[in-house]
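Numbering of ligands and ligand atoms starts at 1, following listing order.
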Amino acid sequence: MDIGVGIVGLGNVGSGTLQILIENARQIREKLGFALSVRAVCARNVANKDLPPLPDDVLRTTNWREVLRHPEIDVIVEVVGGTGMAAELIEAAMRAGKSVVTANKELMAIRGAELWAAANAAGVNLAMEASVAGGIPIHTVLREGIAGDRVTGLFGILNGTSNYILTEIEKRSCSFESILSEAQRLGYAEADPTADVEGFDARSKLALLAALAFGEKLTPADIYTEGIRRILPVDFQYAHQLKQTIRLLCSARQTAEGLLLSVRPSLIPQSAILSHVSGSYNAIWVRGAYGEDTFYYGRGAGPRPTGVAVVSDLMRVAREIRFGSPDRVSPFAHERLGEYKPLPVTAFESPYYLRFRVEDRPGIIAALAGVLAKHKISLDAVLQLPAENWRDLPFVITTEPASEHSVRAALHEISDADFLIESPLAMPMERGF
Ligand SMILES: NC(=O)c1ccc[n+]([C@@H]2O[C@H](COP(=O)([O-])OP(=O)(O)OC[C@H]3O[C@@H](n4cnc5c(N)ncnc54)[C@H](OP(=O)(O)O)[C@@H]3O)[C@@H](O)[C@H]2O)c1
């Protein structure tokens, strides 16, 4: 007997999933020992979709409730997105005794543990591999591959659009605005790029991964988040002088006091493997107390890489339906440990890159150094590239390790200075990769 699948959502991920299920059906059957059969597909404009050839008896509908009612469907694929109708669908499917595969990071980051508890109560499965880092099987790594380890740090590049923009600024020395509009023209960035460039998409993904990795109940609101809009080509020139590059780094690290979580542009050494992650690729670096460092790299999005994650989840869930798994445990289960409460970002300590844009005049460095010294921040270096425009001179001060608290206090004190053209930009300089 095969396992019946209903797909709700036929956009990027839904179409990639359907293509793989149809084109790769023989391989999938060989690997499982039984077939995965698509019994229904659903989208608002299902009639206008360019679908692969499907048997005539496959239900095509605009009404997701019809998919739910289909008696021969065992697993529902939710690839609609958002926290409204998608949540309604998932909850109704579980109540109807159907397992669910979802790619929905937004929903799972906010309500993952609760939905998992509901799945458990209903005796069904809820799989979500595709929700973070599309083609990288990072959930499986955390749940199975390195489950025996205790994660102490997790660092990632989790948003392809912002990584593409940053690497293009780095390569071509063009402004953020011009690269963004080009990316929008080419379809690499959404018409409304807020979630990507302000770091919110990466924040949902980090919330989910950190909850799984550290066993703490986390939500996106626990994560300090800063986007990439303020990064200038000159920041890359200065970063290169320091043998560093700039990436939108997602980080979650365990300290004796709690968990430090952030999504923010950061300097990382050019020698670090993470600095070679360019374009729309994603990567995740996991540090374990016993197994030490492991690194995972691949496509973070796209119909086919994400489709692979959905289909692989379907296969796992189908095996379970077929062969049973009486002791199913939520991936969020160790949240009960509650060992690592989130800390405010001000507790973070690091060397910092401080970039100032000033109207040049004598005494600026001395004034800045005085304020930094007052806050017990030691200077490491002052970098100044030759500049033609003395009315807008960008230069950089790097510091010895200092707390984010002191850096913020110092920058706040400096922010009134009449030589500043805009408020200073502070980025941590990450070490230890
Ligand atoms: N894109 C990626 O590479 C990627 C990667 C990882 C995870 N994800 C996640 O995967 C999910 C889907 O993303 P996507 O990029 O595939 O989105 P998308 O291209 O916008 O597709 C959404 C689909 O849902 C359908 N839909 C919306 N409302 C519906 C409703 N009320 N009833 C039935 N169908 C409805 C749409 O129908 P119409 O087409 O008829 O409008 C569309 O086919 C999201 O949670 C996203 O975060 C995406």
For a quick test of your reading: what N or O donor-acceptor pairs under 3.5 Å do the side chains of residues 305-313 make, sequence neighbours left out?
| residue | atom | partner | partner atom | Å |
| --- | --- | --- | --- | --- |
| T306 | OG1 | G302 | O | 2.8 |
| S312 | OG | V308 | O | 2.7 |
| D313 | OD1 | R316 | NH1 | 2.7 |
| D313 | OD2 | M128 | N | 3.2 |
| D313 | OD2 | E129 | N | 2.7 |

Under 3.5 Å, side chain of T398 to main-chain N/O of A381, donor-acceptor pair present? yes
Can you classify the ring geometry of Y281 versus Y297 as parallel (below 30°), tilted (30 to 60°) or perpendicular (above 60°)? parallel
Could you tell me whether R408 sits above the aromatic face of Y224, with NZ or CZ closer than 6.0 angstrom to the six-membered ring centre and within 45 degrees of the axis? yes
Run through ligand 1 for me and note each protein residue having a heavy atom under 4.0 Å from it, chain first, then residue number. G9, L10, G11, N12, V13, C42, A43, R44, N45, K49, V79, V80, G81, M85, A103, N104, K105, A130, A301, G302, T306
Is there a donor-acceptor pair under 3.5 Å between the side chain of D74 and the backbone N or O of G4? yes
For A25, does its backbone N or O pair with a side-chain atom of E23 as donor and acceptor, under 3.5 Å? no
